[in-house]
Amino acid sequence: MPPPKGKDRNPSGLGRAIINRKFKDARVARESGLYTTDVDNTTRLQSITQERDLDEFLNTATLAGTQFTAERRNVKIISAPAGSQQNPYLLSEEEEQKALKKQQDNKGRLRVPRRPPWDKSMTPVQLDRQEKDAFLEWRRGIAQLQEQENFLLTPFERNIEVWRQLWRVLERSHLVVQIVDARNPLRFRCEDLENYVNDVEGAEGEQGTGKGKRKNLLLINKADLLTAKQRREWADYFDQQGVQYAFFSAANAAALQQARKEQQQAQEDTAEQEDTQATGSEDDAFEESTRNPAFLKEDESGSDESGESEDEGDWEDAPEDGSHEQSDLSLYFSAEEDTLDGQDPRARVLSVLELEDLFTKAAPALSEFTDSSGDHPTKLVVGLVGYPNVGKSSTINSLLGEKKLSPTLVLCDCPGLVFPQFATTRADLVCDAVLPIDQLREYTGPTSLVVKRIPQEILEAVYGLSIRSRGVEEGGNGKITGEDLLITYAIGRGFTRSGQGNPDEARAARHILKDYVNAKLLYCHPPPGISEDDFNVQTREIILHRAIGKKRAPTTRVVKGADTFVPANLSQPNIANSAPAPGRNSSRVDQEFFASNQGLSSRPFVQQNGQEFTRARLYPHQNAVADDGTLLGGRRARIAAVLANAGGDIGTGKKHHKKMKRVKQRSGRGYD
């Protein structure tokens, strides 16, 4: 018998039970001061790069398989000193140099987690326990660098399942390609990964099958963002380091493939239209031939000759050497490629087919690998490894989008991995797209770093802004700061907070940082030993040339009649050795100094309760000067005395007794 309608089968309710359980757990934790957690096995391959201290402790205990209780009584409050000009989230020049030197001395201690040695006689349970123990030991070594020696590391991957994917890719691959961003190759290059590739044994990674068989290749993606001179300087550096490298642009390759598709589609449409027209003309010719047989004979001879010439022409216009591809390449060919640096073969940006040929040449011989049955592999496996957002997926799509890709080439993709590396500040990680911008809470540090790297004239040219800097009297030094950029950008784009309508700096920071990551604000890190300004000179010149004639953004959203209106000062000199531009307070003081009847006027005047009153003018010497202290001549002094006695005041002109202007009177005749 079904239950009556309107009666709940579960009177307590599942949702209410969950809520009661959460309140009970919270009360127990509050009373006992202890934490507890449950392990969720549904998200095994979820990438974990950042953890709270509590989550890190719980996951470490889970790996070790231990039981624990943790107290939460230890609280420490950190306060930053007030009045400091240095951004607390950035390092000074001296502190940064010390940190870099310390990192260089301890570079060998920062390693990638290795898969422990294994053989086929081990059970899955033994292998799983052995891998977890090795990974836990690696985590403890990383924690020692962070806690005991105060090293700042990148938010590396903490999920062992993701590292297992890397282990499997390295064991299957013959050539491991590490993809890096051309704007900062050293940030995204993991040197210890190259050492690990050489340590992987045999064809499947089994212990005792021989090391040093696999090879590495450093693929510098987004090379179209570098000039030919910058690519040549990076080539010199990698040659000195003995690194096998290549420059590539997945964006240019995708654009070229899209252009070829559009051109092919246009040719097919044109051919279809010509066939339609030809079919129509043949029908007309057939109708004409039924009326005039001689017309058919002339048309057949003409069509044969024209058809033969068309076939010859098609054959001549379609050579087999692939020269038709050069016309497509010319659409994306830069003028600087004709320079000496651009003609350097080391600095060339490879095409998709050239990259495929490089894979074949750089890979080891397949005869060196033997599987368990004693056979040699027939296909070359290329493993692709790299950070997130370096263009790994775009590179794979460009390779797969090429129709002439070799069938003997297999691409083995690895999930985007954040390798443990030394870092100076978290702001560097945000600007390098290692940390997500949408989840960013502290934005002053990354924005200050952008202002430090991108000159003011570049920021103003790209965004069409007029950034106002703070003077010395306002606590600044005449140079723009991250706050100045955020306020100006928010005002120009109309980003305001709810309430009083103040500029929304957090929203402006997200837009600016995304523009920096997406290369709208282009900055390229130089190789070691080269100045940053010298390395980016040509890039900045190109940006300024493109921004000529760009529309300027509004400097304020306040109308001129409002009390809070601040006039813009757009005439700031662009001279390196000039004095810093005056701030708002200085400009206001100068404006009021030269204005009349103001509190800071250069001329004296008398005020009482905001209204001017008449001073004593009974004696001649009191009329020898005007109200502002200017001397009056004899005639003007006598007139002032007469007007003072009469209750008037002296005017500014020479004639003080003007008669009424005579107006011409009209008779009005004719209006009757």
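Between Lys361 and Asp357 no salt bridge is recorded (no basic side-chain N to carboxylate O distance below 4.0 Å). The residues Lys213 and Glu201 are annotated as not salt-bridged, no charged nitrogen and carboxylate oxygen being separated by less than 4.0 angstrom.
A 4.5 Å side-chain heavy-atom check between Val430 and Tyr443 finds every atom pair outside the cut-off. Looking at heavy atoms from C-beta onward, Arg115 lies in side-chain contact with Glu171 at the 4.5 angstrom threshold. Side-chain contact between Asp239 and Tyr245 is present, with heavy atoms from C-beta onward closer than 4.5 Å. At a threshold of 4.5 Å between non-hydrogen side-chain atoms, the residues Leu166 and Phe419 count as touching. Counting only heavy atoms from C-beta outward, the side chains of Trp138 and Pro420 approach each other to under 4.5 Å. Looking at heavy atoms from C-beta onward, Glu483 lies out of side-chain contact with Thr447 at the 4.5 angstrom threshold. In this structure, the side chains of Met122 and Gln130 come closer than 4.5 Å at one or more pairs of heavy atoms. Side-chain contact check for Glu402 versus Leu353: some heavy-atom pair is nearer than 4.5 Å.
Pairing each heavy atom of Thr360 with each of Leu380, the nearest pair is CA-CD2, 4.2 Å. Here the closest heavy-atom approach between residue Ala223 and residue Ile220 is recorded as CB-O, 3.9 Å. Of all non-hydrogen atoms in Cys524 and Phe535, the two that sit nearest each other are O-CD2, 3.5 Å. A pairwise comparison of heavy atoms in Phe359 and Leu175 identifies O-CD2, 3.7 Å as the closest pair. Looking at every heavy atom in both residues, Trp234 comes nearest to Pro185 through CZ2-CD, 3.5 Å. Between Asn150 and Glu147, the shortest heavy-atom distance links the atoms OD1-O, 3.4 Å.
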>> Checking Asp133 against Arg129 for the salt bridge (charged side-chain N to carboxylate O under 4.0 Å, His left out) test, could you report, in this order, the C-alpha distance in whole Å, the side-chain angles of both residues, the deciding distance, and whether it holds?
In response: CA-CA 6 Å; Asp133 292 341; Arg129 185 69 264 168; 3.1 Å; yes
>> salt bridge (charged side-chain N to carboxylate O under 4.0 Å, His left out) for Asp533 and Arg453? Distances and angles first, verdict last.
In response: CA-CA 9 Å; Asp533 294 333; Arg453 293 175 176 176; over 6 Å; no
> What do the steps show when you test Ser394 against Asn397 for side chain to side chain donor-acceptor pair (under 3.5 Å), and what is the final call?
Replying inline: CA-CA 5 Å; Ser394 302; Asn397 293 333; 5.4 Å; no
> What do the steps show when you test Arg114 against Asp192 for salt bridge (charged side-chain N to carboxylate O under 4.0 Å, His left out), and what is the final call?
Replying inline: CA-CA 10 Å; Arg114 265 75 166 168; Asp192 189 62; 2.4 Å; yes
>> Pair Tyr523, Asn184 - check side chain to side chain donor-acceptor pair (under 3.5 Å), show working.
In response: CA-CA 9 Å; Tyr523 174 82; Asn184 193 358; over 6 Å; no
> What's the verdict on side chain to side chain contact (heavy atoms under 4.5 Å, CB included) for Leu435 and Leu440, showing C-alpha distance, side-chain angles and the deciding distance?
Replying inline: CA-CA 8 Å; Leu435 296 179; Leu440 187 64; 5.9 Å; no
> Step by step, would you call Leu521 with Val450 a side chain to side chain contact (heavy atoms under 4.5 Å, CB included)?
Replying inline: CA-CA 9 Å; Leu521 296 174; Val450 171; 4.2 Å; yes
> Between Ile396 and Leu399, is a side chain to side chain contact (heavy atoms under 4.5 Å, CB included) present by the stated rule, with each step listed?
Replying inline: CA-CA 5 Å; Ile396 296 176; Leu399 289 170; 5.6 Å; no
> Between Arg187 and Asp432, is a salt bridge (charged side-chain N to carboxylate O under 4.0 Å, His left out) present by the stated rule, with each step listed?
Replying inline: CA-CA 8 Å; Arg187 164 65 68 192; Asp432 291 333; 3.0 Å; yes
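Note that CZ of Arg510 is 12.0 Å distant from CD of Glu505, once rounded to the nearest 0.5 Å. Here the straight-line distance linking atom CZ of Arg540 with atom CD1 of Ile542 works out to 12.5 Å at 0.5 Å rounding. Once rounded to the nearest 0.5 Å, the distance linking CG of Asp128 with CD of Glu131 reads 6.5 Å. Atom CG of Leu384 sits about 5.0 Å away from atom CD1 of Ile179, to the nearest 0.5 Å. To the nearest 0.5 Å, atoms CD (Gln538) and CG (Asp534) are separated by 12.5 Å. From Leu350, atom CG reaches atom CZ of Phe247 across 9.5 Å, with rounding to the nearest 0.5 Å.
The backbone N or O of Ser351 sits less than 3.5 Å from a side-chain atom of Glu354, completing a donor-acceptor pair. Under a 3.5 Å cut-off, the side chain of Asn536 and the backbone N or O of Glu532 do form a donor-acceptor pair. Using modelled atom types, one side-chain atom of His174 and one backbone atom of Val381 make a donor-acceptor pair closer than 3.5 Å. In this structure, the side chain of Glu233 does not engage the main chain of Pro527 through any donor-acceptor pair within 3.5 Å. In this structure, His525 contributes its side chain and Arg183 its backbone to no donor-acceptor pair below 3.5 Å. Under a 3.5 Å cut-off, the side chain of Gln241 and the backbone N or O of Val243 do not form any donor-acceptor pair. No donor-acceptor distance shorter than 3.5 angstrom exists from the side chain of Arg232 to the backbone of Asp344, with no hydrogens or angles considered. Looking at Asn106, its side chain does come within 3.5 Å of a backbone N or O of Lys102 through a donor-acceptor pair. Side-chain N or O atoms of Ser249 include one that pairs as donor or acceptor with a backbone N or O of Asn252 at under 3.5 Å. Gln230 contributes a side-chain N or O that, together with a main-chain N or O of Thr227, makes up a donor-acceptor pair within less than 3.5 Å.
Residues satisfying the salt bridge (charged side-chain N to carboxylate O under 4.0 Å, His left out) criterion with Asp515, sequence neighbours excluded, are absent altogether. In terms of the salt bridge (charged side-chain N to carboxylate O under 4.0 Å, His left out) criterion, residue partners of Lys222 (sequence neighbours excluded) are, by chain and number, Asp181. A search for side-chain contact (heavy atoms from CB on, under 4.5 Å) contacts involving Arg214 returns Val197, Val200, Phe369, not counting sequence neighbours. Evaluation of the side-chain contact (heavy atoms from CB on, under 4.5 Å) rule for Glu194 yields Gln178, Arg189, Asn216 as partners, not counting sequence neighbours.
Judged as a salt bridge (Lys or Arg N to Asp or Glu O under 4.0 Å), the pairs with a partner in residues 412-421 (not counting sequence neighbours) are, in order, Lys392-Asp413. Residue pairs meeting the salt bridge (Lys or Arg N to Asp or Glu O under 4.0 Å) criterion with at least one partner in residues 375-389, sequence neighbours excluded, are absent.
Side-chain rings of Trp163 and Phe156 stay apart, their centers remaining 6.0 Å or farther from each other. With ring centers used as reference points, Trp118 lies 6.0 Å or more from Trp167.
At most 12 heavy atoms of other shown residues, nucleotides or ligands fall within 6.0 angstrom of atom CZ in Arg172.
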